[in-house]
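Structure first, then comments.
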Amino acid sequence: MEQAFWVQSPGEGALRPVALPTPGEGEVLVRTLCSGVSRGTETLVFRGGVPASQHDVMRAPFQEGEFPGPVKYGYLNVGVVEEGPAALKGKTVFCLYPHQTAYVVPVSAVTVVPDAVPPGRAILAGTVETAVNAVWDAKPKLGDRIAVIGAGMVGCSVAKLLQGFPATRVQLIDVDPARAEIAEALGVDFSTPEAAEAGCDLVVHASASEAGLGRALELLAPEGVVVEMSWYGDRRVSVPLGENFHSRRLTIRSSQVGTVARPDRDYAQRLGLALELLADPAFEALVSDECMFEDLPTVLPRLAANELSALCLRVVYQPQ
């Protein structure tokens, strides 16, 4: 009997038994090697913070149950195909599936992980895919002065990708000075909000805080753009649109991974690109803690309470 992690009710998680169906034509059975906890979104779900108006928008592709719970939620899963088409058997694949020891999905739901990407790093594919979409939304230009506020999983990934644009100045900004170590591993300059360089053409905001959004606007040069990536759940935030917001002709625009930001690309191409980018070992810095699958019900409450500092919590599964 397989097992899956469920949020029983806000703040309480448990493992439940799962009986898998026999894979049919066009399906694969995947044995999970590891999964990742996307800290911002999944701790929001764990705390029961998804507003009723967003229950449909926030559904994960293979979610079971409903918010606030019981609900089986998650979308960073890497495993090995045990049954299915000959071309896929034995292949390591990424799937937007919750935390579960094994599962059956359509072939179209899995993406083969490139040989150059270790399974433990491939769990970041969903996060890097979000960052790819944000960069497409941001449309950086040669020589732009750029800041990324919020050195979480997504913010770090965005900063890493933007750092590759020629002649740009990229700063990763966070209230926690300890995040400077992660920025260094990614090859990105770091600053606290107070010391950040102003005059930015582009600021990507990913701190999910009202103060961070306010600072993003302060750092902009005239005609500058804030790309807002934060998900606030059921919290209301104030946006400082007075003072010189209008006279400086500033812009705030949203970025959300649910829509592909380029009309000439589809979801599969975007995910494939994210997996290719993960061949860079620098992304390993985003995985800062791990636990065994059977310990997830006790570890996730600690993560939600900020007792653990993991950017991405890697969940490791026992081999069968």
Side-chain angles (χ1 to χ4, degrees), residues 1-20 29-50 58-80 82 92-105 109-110 113 118-128 130 152-154 156 208 231 233 283-320:
M1 183 71 70
E2 307 300 338
Q3 289 187 307
F5 175 78
W6 283 70
V7 177
Q8 298 283 78
S9 60
E12 180 188 1
L15 301 183
R16 290 187 179 186
V18 178
L20 294 185
L29 188 156
V30 179
R31 173 72 52 190
T32 303
L33 296 172
C34 48
S35 60
V37 175
S38 180
R39 181 173 184 166
T41 305
E42 291 196 53
T43 56
L44 184 75
V45 170
F46 185 74
R47 292 192 300 264
V50 180
M58 282 288 291
R59 287 193 68 86
F62 293 98
Q63 173 181 324
E64 293 183 35
E66 302 295 336
F67 302 118
V71 62
K72 183 174 75 173
Y73 193 85
Y75 47 83
L76 302 174
N77 192 299
V78 176
V80 174
E82 287 191 342
T92 300
V93 295
F94 175 84
C95 184
L96 296 168
Y97 204 88
H99 310 283
Q100 186 166 306
T101 54
Y103 50 92
V104 174
V105 293
V110 301
V113 175
R121 194 187 307 154
I123 59 171
L124 296 169
T127 302
V128 175
T130 301
M153 288 173 63
V154 171
C156 285
W231 171 245
F283 283 104
E284 196 69 36
L286 302 187
V287 181
S288 52
D289 209 344
E290 69 178 32
C291 73
M292 299 302 297
F293 170 70
E294 54 266 29
D295 297 327
L296 194 53
T298 57
V299 172
L300 197 51
R302 296 176 59 206
L303 191 68
N306 292 318
E307 294 176 13
L308 298 177
S309 60
L311 286 175
C312 178
L313 174 69
R314 181 161 52 208
V315 183
V316 180
Y317 294 67
Q318 295 282 6
Q320 296 294 308

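Positions are given from 1 along the sequence.
- Residues Arg59 and Val71 form no side-chain contact, since every pair of their non-hydrogen atoms from C-beta on lies 4.5 Å or further apart.
- Of all heavy-atom pairs spanning Thr298 and Asp295, the tightest one is OG1-O, 2.9 Å.
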#### Entry: Verdict with reasoning, Thr43 to Asn306, per side chain to side chain contact (heavy atoms under 4.5 Å, CB included)
CA-CA 10 Å; Thr43 56; Asn306 292 318; over 6 Å; no

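- The two atoms that bring Gln100 and Leu20 nearest to each other are NE2-CD2, 3.8 Å, heavy atoms only.
- A donor-acceptor pair under 3.5 Å links the side-chain atoms of Arg314 to the main chain of Gly120, judged by distance alone.
- The ring-ring contact (aromatic ring centres under 6.0 Å, His included) test applied to Phe67 returns His55, Tyr73, not counting sequence neighbours.
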Exercise. Can you list the steps and then say if Glu2 with Thr101 is a side chain to side chain donor-acceptor pair (under 3.5 Å)?
Worked result: CA-CA 6 Å; Glu2 307 300 338; Thr101 54; 2.6 Å; yes

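- Heavy-atom minimum distance, Pro297 versus Leu15: CG-CG, 3.9 Å.
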Evaluate Ile123 against Cys312 for side chain to side chain contact (heavy atoms under 4.5 Å, CB included), listing each step before the verdict. CA-CA 9 Å; Ile123 59 171; Cys312 178; 3.9 Å; yes

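- Within the 4.5 Å cutoff, no side-chain heavy atoms of Leu303 are placed close to those of Phe46.
- A distance of 9.0 Å separates CD of Glu42 from CG of Leu313, quoted to the nearest 0.5 Å.
- Here the side chain of Gln63 pairs a donor or acceptor atom with the backbone of Gly65 at under 3.5 angstrom.
- Across all non-hydrogen atoms, the minimal contact from Leu311 to Gly152 is CD2-CA, 3.6 Å.
- Thr92 and Val80 make their closest contact through OG1-CG2, 4.1 Å (heavy atoms, listed as atom of the first residue, atom of the second, distance).
- For Thr130, there are no side-chain hydrogen bond (donor to acceptor under 3.5 Å, both in side chains) partners, not counting sequence neighbours.
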Go through the steps for Gln3 and Glu294 under the test side chain to side chain contact (heavy atoms under 4.5 Å, CB included), then give the verdict.
CA-CA 9 Å; Gln3 289 187 307; Glu294 54 266 29; 5.8 Å; no

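- Side-chain contact between Cys291 and Val315: present, with at least one pair of heavy atoms (C-beta onward) separated by less than 4.5 Å.
- In this pair, His99 and Phe5 present their aromatic rings perpendicular. The plane angle is above 60°, beyond the 30 to 60° band.
- Looking at Arg16 and Lys72, their side chains never come closer than 4.5 Å, going by heavy atoms from C-beta outward.
- The closest side-chain heavy-atom distance from Arg31 to Tyr317 is not below 4.5 Å.
- Side-chain contact between Cys95 and Val30 is absent, with no heavy-atom pair separated by less than 4.5 Å.
- Distance CZ/Phe293 to OG1/Thr32: 8.0 Å, rounded to 0.5 Å.
- Between the side chain of Asn77 and the backbone N or O of Ser35, no donor-acceptor pair lies under 3.5 Å.
- Looking at every heavy atom in both residues, Phe62 comes nearest to Ala109 through CZ-CB, 3.6 Å.
- Looking only at side-chain heavy atoms (C-beta outward), Met153 and Leu124 come within less than 4.5 Å of each other.
- For Tyr103, the ring-ring contact (aromatic ring centres under 6.0 Å, His included) partners are Tyr97, not counting sequence neighbours.
- No side-chain heavy atom of Val113 sits less than 4.5 Å from a side-chain heavy atom of Pro119.
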